[in-house]
Amino acid sequence: MNRAQRLEKLKPLLREVLVVLGEDPDREGLRRTPERWADALLTYTQGTLEDPQEHLRVIFQLNEDDYPIGSEDMILVDRIEFTSTCEHHLAPMHGLVHIAYIPNPQSRVITGLSKLSRVVEVFARRLQVQERMTQQIARAIDEHLNPLGVIVVAQAVHYCMIARGVEQRASSTTTTARRGLFLDKPDLEAKFQEYLRLRLDASKV
């Protein structure tokens, strides 16, 4: 089913939702709302039909002079913005993802830096929980690039906590996922966290 077909199927369903909510879907402000809403939902969840590996197939190889055997230097991309949709209440969550990985000195394979952002977007554009999304990002990088280690930290504000229930407007959630050396060597995670702290301090200058 293509996007246009899915849009046409959603429109009458969402019109009925407006009726159940006590609204008049024929009034001026709501006449095109089912169509706009359907289009927005398809955009919010477009990552469901995407394969993150398509982005990670773009790889480059370092030579031994660039990345000598035994190196544990990491590649870090921080502050990748994302917006996702909580699968429990269909409310938005918005935040940042920080990623670091250590290339495998045997293959010395790396990916384009923008591709890490694309991977985040693929998993964010689904009905999600932050805990799972963080693990999915780490797993995809680990499985396709086969690095010595990968770490992913996600920080987000959840609007299901802001606009309903406990209404905690100042609360945020942090989740982490580690693979390889980041599980075995706590000093590497400490170095990663120090980089993030320095980056945060620099942004305040």
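Here, residue 1 is the first one in the sequence, and each next residue gets the next number.
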Taking the side chain as every heavy atom from C-beta outward, state whether Leu127 and Tyr44 have any pair of such atoms under 4.5 Å apart. no

I'd like to know if the side chain of Gln130 reaches the main chain of Ala154, judged simply by a donor and an acceptor atom lying under 3.5 Å from each other, with no hydrogens or angles considered. yes

Is there a side-chain contact between Leu18 and Asp24, using heavy atoms and a 4.5 Å cut-off? no

If Ile, Leu, Val, Met, Phe, Trp and Tyr residues are connected whenever their side-chain heavy atoms lie under 4.5 Å apart, and connections chain through other members, are Leu113 and Leu76 in the same group? yes

Looking only at non-hydrogen atoms, find the nearest pair between Ile75 and Pro103 and report the distance. CD1-CG, 3.7 Å

Hey, quick one: are Leu62 and Ile59 part of the same hydrophobic cluster, counting side-chain heavy atoms closer than 4.5 Å, chains of contacts allowed? yes

If we only count heavy atoms from C-beta on, is the Leu145 to Ile110 side-chain gap below 4.5 Å? no

Please tell me whether Arg132 and Gln128 have a donor and an acceptor in their side chains that are separated by less than 3.5 angstrom. yes

Looking at Glu54 and Asp51, would you say the former's side chain and the latter's main chain have a donor-acceptor pair under 3.5 Å? no

How close do Ala140 and Phe123 get, heavy atom to heavy atom, and via which atoms? CB-CE1, 4.0 Å

Is there a path of hydrophobic side-chain contacts, each under 4.5 Å between heavy atoms of I, L, V, M, F, W or Y residues, that connects Phe182 with Val97? yes

When rounded to the nearest 0.5 angstrom, what is the spacing between CZ in Arg79 and CD in Glu81? 7.5 Å

Looking at side-chain heavy atoms only, is the closest gap between Val20 and Glu16 below 4.5 Å? yes

Tightest non-hydrogen contact, residues Met74 and Ala100, listed as SD-CB, 3.9 Å

Check: His144 side chain, Leu56 main-chain N or O, donor-acceptor pair, under 3.5 Å: yes

For Thr43 and Arg3, test the side chains for any donor-to-acceptor distance below 3.5 angstrom and give the result as yes or no. yes

Test item: Arg31 side-chain N/O and Asp26 main-chain N/O as donor-acceptor pair under 3.5 Å: yes

Would Val157 and Thr173 satisfy side chain to side chain contact (heavy atoms under 4.5 Å, CB included), going step by step from the backbone distance to the final call? CA-CA 6 Å; Val157 172; Thr173 301; over 6 Å; no

Can you tell me how far OG of Ser107 sits from CD of Gln61, rounded to the nearest 0.5 angstrom? 6.5 Å

Quick one: does Thr85's side chain get under 4.5 Å of Pro92's, heavy atoms only? no

Salt bridge or not for Asp184 and Arg178, using N-O below 4.0 Å? no

State, with a plain yes or no, whether a side-chain heavy atom of Ile151 is found less than 4.5 Å away from one of Thr176. no

For Phe82 and Leu96 the tightest heavy-atom approach is CE2-N, 3.6 Å

Tell me, with the steps shown, if Lys191 and Glu194 meet salt bridge (Lys or Arg N to Asp or Glu O under 4.0 Å). CA-CA 5 Å; Lys191 185 188 296 185; Glu194 177 65 9; over 6 Å; no

Straight-line distance of Leu116 CG to Ile137 CD1, nearest 0.5 Å: 10.0 Å

Smallest separation among heavy atoms of Gly112 and Phe60, with atom names: N-CE1, 3.6 Å

Atom of Gly29, atom of Arg36 and distance for their closest heavy-atom approach: O-NH2, 3.6 Å

Just checking, is any N or O donor in the side chain of Arg179 or Gln135 under 3.5 Å from an acceptor N or O on the other one? yes

Closer than 3.5 angstrom, by distance alone: can the side chain of His98 be matched with the main-chain N or O of Val77 as a donor-acceptor pair? no

Heavy-atom side-chain proximity of Gln155 to Ser172 below 4.5 angstrom: no

What is the distance from atom CD1 of Ile99 to atom OG of Ser117, rounded to the nearest 0.5 Å? 7.0 Å

With rounding to the nearest 0.5 angstrom, report the CE to SG distance, Met93 to Cys86. 6.0 Å

Do you know which of Leu10, Val17, Leu42, Leu30 makes side-chain contact (heavy atoms from CB on, under 4.5 Å) with Trp37? Val17

Assess the residue pair Glu143 and Gln53 against the criterion (side chain to side chain contact (heavy atoms under 4.5 Å, CB included)); give the C-alpha distance rounded to whole Å, side-chain angles, the decisive distance to 0.1 Å, and a yes or no. CA-CA 9 Å; Glu143 289 178 353; Gln53 303 293 358; 4.2 Å; yes

Membership question, hydrophobic clusters at under 4.5 Å side-chain separation (ILVMFWY): are Leu49 and Met1 in the same one? no

Ion pair present between Arg118 and Glu121, side-chain N to carboxylate O less than 4.0 angstrom? yes

Is any side-chain heavy atom of Met133 closer than 4.5 Å to one of Arg126? no

Go through it in stages, so that I can follow the logic: the residues are Arg32 and Glu35, the test is side chain to side chain contact (heavy atoms under 4.5 Å, CB included), and I'd like the CA-CA distance, side-chain angles, deciding distance and then a yes or no. CA-CA 5 Å; Arg32 292 195 57 210; Glu35 180 180 358; 3.8 Å; yes

From CD (Glu189) to CG (Leu183), nearest 0.5 Å: 9.0 Å

Does Thr175 reach the main-chain N or O of Glu131 with its side chain, forming a donor-acceptor pair under 3.5 Å? no

Kindly say whether Gly47 contributes a backbone atom to a donor-acceptor pair with the side chain of Arg125 at under 3.5 angstrom? no

Has the side chain of Thr111 got a donor or acceptor atom that lies under 3.5 Å from a matching backbone atom of Val58? yes

Apply side chain to side chain contact (heavy atoms under 4.5 Å, CB included) to residues Glu72 and Leu188 and explain how you reach the verdict. CA-CA 9 Å; Glu72 292 182 352; Leu188 287 175; 4.1 Å; yes

